[in-house]
Amino acid sequence: MEILIISGLSGGGKSKAASFLEDVGFYIVDNMPAGMILKFAEFCAAGNGRYNRVALVYDVRTADTFDEFLGVLATLREREYDCKLLFLEADVSAIIKRYKETRRRHPLQDQSDSLEEAVNREIAMMAPVRSQADVVINSTTYSTARLRGELLGLFGGSHRAGELMVSLVSFGFKHGLPLEADLVFDVRFMPNPFYIDSMRHKTGLDREVRDYVFSFQETEQFLEKLRDLLRFVLPLYQEEGKTVLVMAIGCTGGHHRSVAVTHALAGFIASLGYQVTENHRDMTRN
């Protein structure tokens, strides 16, 4: 079982790191007391593989001293766990700037005369934890994309650094837009098989419907231009650090045209070497 403990300075990037790691299969627990960590690890180890990758966020919010935590960390490393400690930090000026931008309060600010004093106090308190870290990342100059890419490279497992997954969704406009969509394409300009009796109760996954949709010149021209667009933008999304791109293809009801086009696009995108998922949201709806 893999246990990753995410620690570090407030404002150093722990929350973002946890969200990125959750995307690649880690089960995230935030702010767990040190005294519960060993019991939780035993529970996960007995979970029949359900909790094979666990990330625990542990920081200054949890304790005034870290003696108990350091003892727990030593015990985890002695046992048959793949246990690593990730420590995220940033320069004092960068942390102060981040807190001013978000207007949040530092956890130690009530015990300090200023935000700068609170940050420096935390640095001193966290020094014993930092000294035990397997990986230390200073996020001062990191963009969100760079932090994501570095974490995926270190802990992504089968999710390679910079790897992009394309999630394709067909839908019907009459049922509403998919809220998660990054890109939306409207194929209602294509001839509609719904008005042909023999196809009305079939879907875009049936050969008869697919052949009909793709028998028109405008369908082929649309796909040709869309393929050119995807060849151009997918590498750019990947370079920017995006790990999941959701593309939604819509027609009126989500049964015929959008399904056929989505299925064809899935094969094309897979041929470019990207991971693809295909979901037909409204295909079985009335």
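Residue numbers start at 1 and run along the sequence shown. Because the structure is predicted, anything quoted here is derived from the model rather than measured.
Thr141 pairs by the side-chain hydrogen bond (donor to acceptor under 3.5 Å, both in side chains) definition with nothing, not counting sequence neighbours. Asp182 meets the side-chain hydrogen bond (donor to acceptor under 3.5 Å, both in side chains) test with no other residue; sequence neighbours excluded. Considering only residues two or more places apart in sequence or on other chains, His280 meets the side-chain hydrogen bond (donor to acceptor under 3.5 Å, both in side chains) condition with Ser170, Glu278.
A 6.0 Å sphere centred on CG of Leu236 holds more than 12 heavy atoms belonging to other residues, nucleotides or ligands. Counting non-hydrogen atoms of neighbouring residues, nucleotides and ligands closer than 6.0 angstrom, the CZ atom of Phe189 exceeds 12 such neighbours. By the neighbour-count criterion of 12 heavy atoms within 6.0 Å, atom OH of Tyr27 is sparsely surrounded, having that number or fewer from other residues, nucleotides or ligands.
Through direct or relayed side-chain contacts under 4.5 Å between Ile, Leu, Val, Met, Phe, Trp and Tyr, Leu177 connects to Phe171, Phe173, Val184.
Ionic pairing of Asp228 and Arg231 is present here: one or more N-O contacts between side-chain nitrogen and carboxylate oxygen are shorter than 4.0 angstrom. The residues Glu42 and Arg79 are annotated as salt-bridged, a charged nitrogen and a carboxylate oxygen being separated by less than 4.0 angstrom.
Classification of the Tyr99-His106 ring pair by plane angle, with boundaries at 30° and 60°, yields tilted.
Applying the side-chain hydrogen bond (donor to acceptor under 3.5 Å, both in side chains) test to every pair with at least one member in residues 4-14, sequence neighbours left out, gives these pairs: Ser10-Glu122.
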Going by atom type alone, with no hydrogens or angles, which donor-acceptor pairs under 3.5 Å involve a side-chain atom of residues 86-98 and a protein atom two or more places apart or on another chain?
residue : atom : partner : partner atom : Å
Glu89   : OE1  : Arg130  : NE           : 2.8
Glu89   : OE2  : Arg130  : NH2          : 2.9
Asp91   : OD1  : Asn138  : ND2          : 3.4
Asp91   : OD1  : Thr140  : OG1          : 3.4
Arg98   : NH1  : Gly11   : O            : 2.7
Arg98   : NH1  : Ser139  : OG           : 3.1
Arg98   : NH2  : Ser139  : O            : 2.8

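Not less than 6.0 angstrom separates the ring centroid of Phe155 from the ring centroid of Phe20.
Looking at heavy atoms from C-beta onward, Val261 lies in side-chain contact with Met190 at the 4.5 angstrom threshold.
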